[in-house]
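I have placed the structure first, in the form of structure tokens, so that the comments after it can refer back to it.
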2 protein chains.
Amino acid sequence: MENIKAALLGAGTVGTGVIRVFAENGAIIAARAHAAVTMKTVLVRDVSKPRPELNGFNVTDSIEDILRDDEISIVVELMGGINPAYDYMRRALMAKKHVVTANKDVVAEYGRELVALAEKNGVRFMFEASVGGGIPIILPLKVSLSANRITEIIGIVNGTTNYMLTKMHETRADFASVLKEAQDLGYAEADPTADVDGLDAARKAAILASLAFGTHVSLKDVHVTGIRGIKPLDIEYAKELGYVIKLLAVGRDCREEKGVEVSVHPTFLPKTHPLAAVNGVFNAIFIRGNAVGEAMFYGQGAGSLPTASAVTADIIEVAKGIADGFTVPSGSVYVTDKKICPIDDTVSGYYVRLLVDDKPGVLGAIATAFGNSQVSLKSVMQTKREVPGKAEIVAVTHSVSHKSISTALDKLKSLSVVDEIKNVIRVEDG
Amino acid sequence: MENIKAALLGAGTVGTGVIRVFAENGAIIAARAHAAVTMKTVLVRDVSKPRPELNGFNVTDSIEDILRDDEISIVVELMGGINPAYDYMRRALMAKKHVVTANKDVVAEYGRELVALAEKNGVRFMFEASVGGGIPIILPLKVSLSANRITEIIGIVNGTTNYMLTKMHETRADFASVLKEAQDLGYAEADPTADVDGLDAARKAAILASLAFGTHVSLKDVHVTGIRGIKPLDIEYAKELGYVIKLLAVGRDCREEKGVEVSVHPTFLPKTHPLAAVNGVFNAIFIRGNAVGEAMFYGQGAGSLPTASAVTADIIEVAKGIADGFTVPSGSVYVTDKKICPIDDTVSGYYVRLLVDDKPGVLGAIATAFGNSQVSLKSVMQTKREVPGKAEIVAVTHSVSHKSISTALDKLKSLSVVDEIKNVIRVEDG
């Protein structure tokens with residue numbers, strides 16, 4: 001049996017997870033890789049820090065030790081962040097080493113470049129763990145669904161915000177208190193920006209949409225709205241209307257399939273949608289294809305062992321290729337000339353919550369303002385809560401272009417009876 | 001671009017689906033296969049029958065026309081049933097043609113033999129569509145989850161029975177009337193045996209368990225119970241107790257991981273289980289692995305286009321291998337020496353519904369009979385329905401061996417106060 005050597009860049013949560021998976025499932029891994037795979041060297045930032053979990057490995061802080069080592073054929077990057085991870089991976093590929101990574105930042109921004117660099121050097125660039133942690137999604141998208149024209153990919157891809165929104169549905173607590181709770185439990189970081197403002201989800205949306213639609217989507221192409229603006233009242237209305245609020249990463253056809261919309265935003269999702277039951281820190285990705293119809297992939301989107309499961313599967317796949325003598329089977333990524341649609345072209349239903357004067361005729365004035373902007377309403381209701389002399393109006397629209405809803409909101413703002421547009425949230429239907 | 005020729009055996013529901021997918025998504029398929037793939041010849045039983053959908057194809061009723069045609073490198077078997085499909089596939093593999101199939105009967109019974117035959121001949125044997133229709137499950141099991149020791153695989157893998165059970169939950173209709181409805185809608189066949197008695201699910205259970213546990217499971221190893229015995233009353237009790245009843249295909253560790261239990265049976269599934277929300281004709285497969293934790297795959301388990309999606313993905317994968325010059329990358333299936341556990345060793349919770357005399361002390365006598373058989377009860381309730389002078393007792397047990405529950409049932413039958421054991425259904429917990 002061939003002996004294949006790998007190097008690990010980074011020995012944090014995921015890195016130690018990979019070491020543990022190799023320790024526990026070594027026999028299974030060898031049988032499936034058709035080779036004995038060993039972690040020879042581990043790159044860490046500070047070699048002086050005691051790390052009992054790395055006993056038996058070469059530990060180094062120099063990438064050169066790995067790049068120059070001809071015995072090492074697979075580099076496993078688990079450092080996270082753009083730098084120096086991106087530079088190390090480029091150099092590893094140029095040194096004709098296969099690269100496996102869990103790094104969504106680098107894959108979202110430089111994925112296409114690294115795939116091309118890998119091909120040029122006759123090695124593989126694998127990134128299953130960059131989206132959805134342990135959930136198999138990259139390989140199913142690339143291979144299992146390859147006969148489909150994908151028309152829609154919608155994911156709950158950030159566990160922190162899904163945990164927070166689930167809590168808000170269960171307890172009616174507000175954003176600040178569930179954030180505090182998530183931080184206390186270790187689900188949210190001290191600086192929660194990347195999660196709650198949707199940036200983490202946006203990177204994953206860019207990766208998923210790139211693969212699903214065969215076009216290059218980078219972070220700046222993604223329209224992003226986070227969950228800071230979600231109030232307990234919005235959740236209450238959502239429930240009354242038969243929805244749950246989820247933070248979704250969305251990629252879908254627009255401009256009659258010539259373009260792609262990629263966005264991250266809180267969404268009113270019908271309770272009957274398969275994603276609606278995905279709660280807590282779980283992730284799921286829902287795909288619509290013109291042959292397969294609907295498909296969904298569900299599991300733990302983060303965490304040491306689930307992410308290590310995906311990383312190790314990629315290592316096994318690369319090792320099997322080396323052992324069996326095929327090195328570049330993945331080939332070029334499917335490429336179309338689809339363009340990113342401008343936000344004004346995107347189409348969605350909307351939930352609009354307004355604070356208005358509590359007097360007769362207001363509902364009519366508001367319905368008229370929507371109608372004059374070509375926005376057709378699915379439902380509208382007026383309730384009296386909170387502020388004396390004021391009422392709340394909640395409208396849910398049919399599918400309209402972003403341009404139309406913007407026009408309608410401008411009209412509403414100019415009405416004297418409208419005090420404030422309290423919230424505007426997308427509604428997913430069908 | 002290389003031109004790769006394939007032959008289709010069978011032009012029924014799935015066969016015409018494959019033709020349609022190639023017609024609609026030809027450009028995508030060519031881009032992803034790195035080759036132009038053409039269906040050259042279609043084998044049908046009766047060549048005299050007019051088939052406008054096969055215009056432009058060679059149509060034949062002779063397998064020799066295909067086996068002898070050196071231009072044809074991929075044989076796509078979509079006839080169903082053991083014979084002559086099994087014979088044709090064997091001969092195709094021996095003629096060094098790659099084989100793609102959706103045939104669960106043959107894969108369940110002869111899958112291992114055909115994989116070995118393919119390897120021996122340097123070609124591939126692909127069967128993604130044999131389980132779960134369009135749902136990617138075979139490839140994720142073989143590749144994406146390859147770093148895991150799988151401890152449990154549970155699937156809703158038969159759309160007909162899931163549709164029927166969903167209807168029974170929604171409408172309180174009985175088995176006979178939902179079967180009639182399913183037949184009228186084309187979801188169930190005139191002879192519904194294969195579906196309602198669990199045989200279709202059992203074949204899929206054998207395939208899934210073989211791959212998940214690396215051992216050979218054949219149809220005769222699967223303990224099978226169908227859904228004929230499910231009464232509206234059982235569904236009512238399930239709801240009251242917080243469960244739904246689903247027909248599950250189950251593979252799981254037993255005898256401290258030295259063995260595997262494979263079975264198909266109606267099951268009380270907690271409402272909070274990810275599979276509990278899988279309704280109607282949808283299928284889903286839930287997997288527990290020692291690294292990934294929980295993962296679930298959801299989608300349409302049958303139907304022309306969904307199944308064709310999986311078949312075509314396999315064709316693309318094979319064609320890409322031919323175009324890129326790698327022919328046997330899949331290699332041997334992972335093999336362990338796990339044995340099938342005898343049914344007495346399997347462990348589960350149970351729901352037991354009894355018709356008893358309506359008099360004081362009965363509940364105590366029954367609880368004692370359970371206790372004397374080492375069966376610990378989770379809940380027990382007594383209600384008075386239907387029969388004058390009689391009461392019903394519903395007991396839910398903690399996890400016990402099949403041997404213990406059998407002993408308890410024998411004891412109960414011998415009690416004079418017990419008129420009849422109305423039903424015994426497994427309970428899935430945790």
Side-chain angles (χ1 to χ4, degrees), chain A residues 17 20-22 24-25 28-29 31-34 128 134-136 139-140 142-149 214 274 277-278 282 284 286 289-300 303 305-306 308-313 315-317 320-321 323-326 328-329 331-332 334-336, chain B residues 17 20-22 24-25 28-29 31-34 128 134-136 139-140 142-149 214 274 277-278 282 284 286 289-300 303 305-306 308-313 315-317 320-321 323-326 328-329 331-332 334-336:
Chain A
R20 196 170 140 202
V21 168
F22 270 84
E24 285 183 15
N25 297 348
I28 288 178
I29 292 168
R32 291 177 179 164
H34 306 165
E128 179 66 64
I135 305 171
L139 184 77
K142 280 163 71 174
V143 179
S144 311
L145 300 174
S146 59
N148 286 265
R149 192 169 54 69
V278 176
F282 279 86
F286 175 89
N290 74 335
V292 75
E294 301 178 357
M296 188 177 76
F297 304 84
Y298 165 96
Q300 283 172 260
L305 288 182
S309 168
V311 168
T312 308
I315 297 173
I316 292 171
E317 192 56 14
K320 194 165 65 177
D324 293 355
F326 65 102
V328 199
S332 315
Y334 167 64
V335 176
T336 64
Chain B
R20 196 170 141 202
V21 168
F22 269 83
E24 284 182 16
N25 297 348
I28 288 177
I29 291 168
R32 290 175 180 165
H34 306 164
E128 179 65 65
I135 306 171
L139 184 76
K142 279 164 71 174
V143 178
S144 311
L145 300 174
S146 59
N148 286 265
R149 192 169 55 69
V278 177
F282 278 87
F286 175 89
N290 74 336
V292 75
E294 301 178 358
M296 187 178 76
F297 303 83
Y298 165 95
Q300 285 171 259
L305 289 181
S309 167
V311 169
T312 308
I315 297 173
I316 292 172
E317 193 56 14
K320 194 165 65 176
D324 292 356
F326 64 102
V328 200
S332 317
Y334 167 64
V335 177
T336 64

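Residue numbers start from 1 in every chain, and the chains themselves are labelled A, B, ... in the order their sequence lines are given, proteins ahead of strands.
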query: Can you name the closest pair of heavy atoms from E294(A) and Q300(B) and give their distance?
result: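 Nearest heavy atoms, E294(A) then Q300(B): N-OE1, 3.6 Å.
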
- prompt: Taking all non-hydrogen atoms of both residues, which atom of A147(B) and which atom of N25(A) are closest, and how far apart?
  reply: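 A147(B) and N25(A) have their closest heavy atoms at O-ND2, 2.7 Å.
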
A310(B): partners by side-chain contact (heavy atoms from CB on, under 4.5 Å), with sequence neighbours left out: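 A310(B) satisfies side-chain contact (heavy atoms from CB on, under 4.5 Å) with E128(B), A129(B) once adjacent residues are dropped.
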
message: Under the rule for side-chain contact (heavy atoms from CB on, under 4.5 Å), what residues qualify as partners of L305(A), not counting sequence neighbours?
response: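 Listed in chain order: R20(A), V21(A).
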
- prompt: When rounded to the nearest 0.5 angstrom, what is the spacing between OG1 in T312(A) and CG in N148(B)?
  reply: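 Between atom OG1 of T312(A) and atom CG of N148(B) there are 8.5 Å.
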
message: Can you tell me how far apart CZ (R149(B)) and CD1 (I29(A)) are? Round to the nearest 0.5 Å.
response: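 The CD1 atom of I29(A) is 12.0 Å from CZ of R149(B), to the nearest 0.5 Å.
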
message: Between F22(A) and chain B, with a heavy-atom cut-off of 4.5 Å, which part of the residue counts as in contact: side chain, backbone, both or neither?
response: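 Nothing of F22(A), per the 4.5 Å heavy-atom cut-off to chain B.
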
query: By a 4.5 Å heavy-atom criterion (distance strictly below it), what part of L145(A) contacts chain B: side chain, backbone, both, or neither?
result: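 Contact with chain B is through both the backbone and side chain of L145(A).
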
Among [options], which has the most heavy-atom pairs under 4.5 Å with chain B?
options                   : value
S144(A), G299(A), A308(A) : S144(A)
I315(A), N290(A), I135(A) : N290(A)
G17(A), A313(A), G134(A)  : A313(A)

query: Would you say the side chain of K142(B) lies within less than 4.5 Å of the side chain of R32(A), judging by non-hydrogen atoms?
result: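 R32(A) vs K142(B): side chains apart.
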
